[in-house]
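Working notes for the structure below.
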Amino acid sequence: MFGWFGPPRIPEPSKQQIRDKCQILFIDDDTDFDIVEILKRQGWKASLLPDVSSWNNAQLKESHILFVDIRGVGQALRFDDEGLGLARALKREFPHKMVVIYSAERHGDRFHDALSEVDATLPKDAEPYLFEQTIEGLAKDCFSFSRVIERICKDLEREFPQLDPDVVRKDMARLVQKNRVTGEEIGRKLSIGFDKAGSLASILSLVIS
């Protein structure tokens with residue numbers, strides 16, 4: 001039942017529920033990168049892909065968090081700046097996915113625009129604990145309604161400043177509660193175009209998956 005003074009309460013998922021849902025993909029030509037196996041032992045669903053040759057790759061499409069090494073990948077799609085170019089393209093192609101750049105290099109192109117577009121960066125030799133902490137934070141951004149709705153409100157504020165964030169929160173909570181998270185429903189509720197509404201539906205649908 002809806003409250004009079006706020007949006008319906010959407011239960012927050014537990015850590016275990018998030019871990020059970022979240023798919024993590026490392027894109028790295030170093031197929032012996034041991035972080036992947038360490039994460040698996042910790043209960044995460046992690047896999048490795050040596051490079052991306054198509055946006056239709058099944059592993060890529062099913063993953064929620066993408067880790068991209070800056071060297072040795074991106075060559076299949078002919079990115080001149082290798083992993084940096086690939087990471088930037090992934091974030092633009094799949095804005096609802098979380099993208100992390102990592103590197104063994106201590107000195108690189110610190111001004112590449114990919115660094116400002118992705119969701120996090122890490123040194124490749126960071127402790128496994130730091131990788132896991134990064135994953136936990138980004139996974140919450142994918143599956144926690146309160147975190148997801150804040151992402152949506154910030155995104156809409158840039159393009160549609162006339163929209164009231166409180167109204168957006170209430171409308172999106174009702175759609176989640178009714179399991180009616182579609183581009184058509186979001187577009188109708190917010191009076192925005194189908195392409196934008198479809199992108200928001202991809203983000204919000206993870207809350208009810």
Side-chain angles (χ1 to χ4, degrees), residues 18-19 21-33 35-36 39-40 44-105 108-126 130-144 147-148 150-152 154-156 158-159 183 195-207 209:
I18 290 176
R19 195 171 296 221
K21 290 180 179 181
C22 189
Q23 300 277 354
I24 305 156
L25 180 63
F26 283 79
I27 303 169
D28 194 329
D29 65 334
D30 177 6
T31 55
D32 294 323
F33 187 40
I35 288 292
V36 178
L39 290 171
K40 286 181 180 179
W44 292 100
K45 296 178 179 178
S47 59
L48 187 143
L49 186 68
D51 203 353
V52 174
S53 58
S54 168
W55 300 139
N56 292 318
N57 179 280
Q59 282 179 279
L60 180 62
K61 294 179 77 172
E62 292 169 3
S63 296
H64 305 106
I65 302 176
L66 309 173
F67 281 82
V68 185
D69 192 2
I70 69 167
R71 291 288 173 248
V73 301
Q75 298 175 359
L77 292 176
R78 298 187 179 180
F79 286 104
D80 291 336
D81 37 11
E82 298 187 36
L84 288 169
L86 176 61
R88 177 182 55 197
L90 285 170
K91 191 61 186 177
R92 293 177 180 179
E93 193 73 19
F94 305 103
H96 57 288
K97 296 183 186 294
M98 297 293 163
V99 179
V100 183
I101 288 173
Y102 65 99
S103 172
E105 296 182 5
D109 186 354
R110 292 177 296 166
F111 302 102
H112 195 285
D113 55 4
L115 299 174
S116 63
E117 294 190 36
V118 299
D119 301 285
T121 60
L122 280 174
K124 190 168 184 175
D125 60 357
L130 185 54
F131 274 90
E132 190 166 15
Q133 288 293 295
T134 301
I135 289 168
E136 286 184 355
L138 295 178
K140 285 182 181 178
D141 287 341
C142 289
F143 297 104
S144 162
R147 300 271 282 262
V148 168
E150 290 312 310
R151 285 174 60 200
I152 287 175
K154 285 182 180 179
D155 188 23
L156 289 172
R158 290 191 292 269
E159 293 186 50
D195 286 347
K196 185 65 179 182
S199 176
L200 297 182
S202 296
I203 298 172
L204 197 56
S205 63
L206 295 178
V207 175
S209 63

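No donor-acceptor pair under 3.5 Å is formed between the side chain of Gln23 and the backbone N or O of Glu62. Proximity of a side-chain donor or acceptor of Ser199 to a complementary backbone N or O of Asp195 within less than 3.5 Å is not detected. Between the side chain of Arg151 and the main chain of Asp141, a donor-acceptor pair closer than 3.5 Å is present. Looking at Ser54, its side chain does come within 3.5 Å of a backbone N or O of Asn56 through a donor-acceptor pair.
Put simply, NZ on Lys40 and CD1 on Ile24 are 11.0 Å apart, with the number rounded to the nearest 0.5 Å. Atom CD1 in Ile152 sits 4.5 Å away from atom CG in Leu204 (nearest 0.5 Å). Distance check, rounded to the nearest 0.5 Å: CG of Asp32 to CG of Leu48 gives 9.0 Å. With values rounded to the nearest 0.5 angstrom, Asp69 atom CG is found 11.5 Å from Leu122 atom CG. Between atom CD of residue Glu93 and atom CG of residue Leu60 there is a gap of 9.0 Å, rounded to the nearest 0.5 Å. His64 contributes atom NE2, which lies 11.5 Å from atom CD1 of Ile18 (distance to the nearest 0.5 angstrom).
Residues Ile70 and Ser103 share a closest heavy-atom pair of CD1-OG, 3.1 Å. Taking every heavy atom of both residues into account, Leu39 and Ala46 meet most closely at CB-CB, 4.2 Å. Nearest heavy atom pair, residue Ala139 against residue Cys22, reads CB-SG, 4.1 Å. When every heavy atom of Ser47 is checked against every heavy atom of Gln59, the shortest pair comes out as OG-NE2, 3.3 Å. Of all non-hydrogen atoms in Asp51 and Gly74, the two that sit nearest each other are OD1-N, 2.8 Å. Nearest heavy atom pair, residue Ser53 against residue Leu77, reads O-CD2, 3.4 Å.
Enclosure of atom NZ in Lys140 is not indicated, since only 12 or fewer non-hydrogen atoms of other residues, nucleotides or ligands lie within 6.0 angstrom.
A salt bridge links Asp81 with Arg88; the closest basic N to acidic carboxylate O contact falls under 4.0 Å. We find that Asp28 and Lys124 are joined by a salt bridge, their nearest charged nitrogen and carboxylate oxygen being less than 4.0 Å apart.
Here the side chains of Trp44 and Phe131 are not in contact, with every heavy-atom distance at 4.5 Å or above. Here the side chains of Asp119 and Ile65 are not in contact, with every heavy-atom distance at 4.5 Å or above. Residues Cys142 and Met98 are in side-chain contact: their nearest non-hydrogen atoms beyond the backbone lie under 4.5 Å apart. Side-chain atoms of Thr121 and Val100, non-hydrogen and from C-beta on, never get closer than 4.5 Å to each other. Side-chain contact between Leu200 and His96 is absent, with no heavy-atom pair separated by less than 4.5 Å. Residues Lys97 and Leu90 have side chains not in contact (no heavy-atom distance under 4.5 Å, counting atoms from C-beta outward).
Between Phe67 and Phe26, the ring-plane angle classifies as parallel under the 30° and 60° cut-offs.
Partner of Val52 under the side-chain contact (heavy atoms from CB on, under 4.5 Å) criterion, chosen from Val73, Val68, Leu66, Leu86: Leu86.
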### Task
Quick one: do Lys196 and Asp155 satisfy salt bridge (Lys or Arg N to Asp or Glu O under 4.0 Å)? Show the steps, please.
CA-CA 10 Å; Lys196 185 65 179 182; Asp155 188 23; 2.7 Å; yes

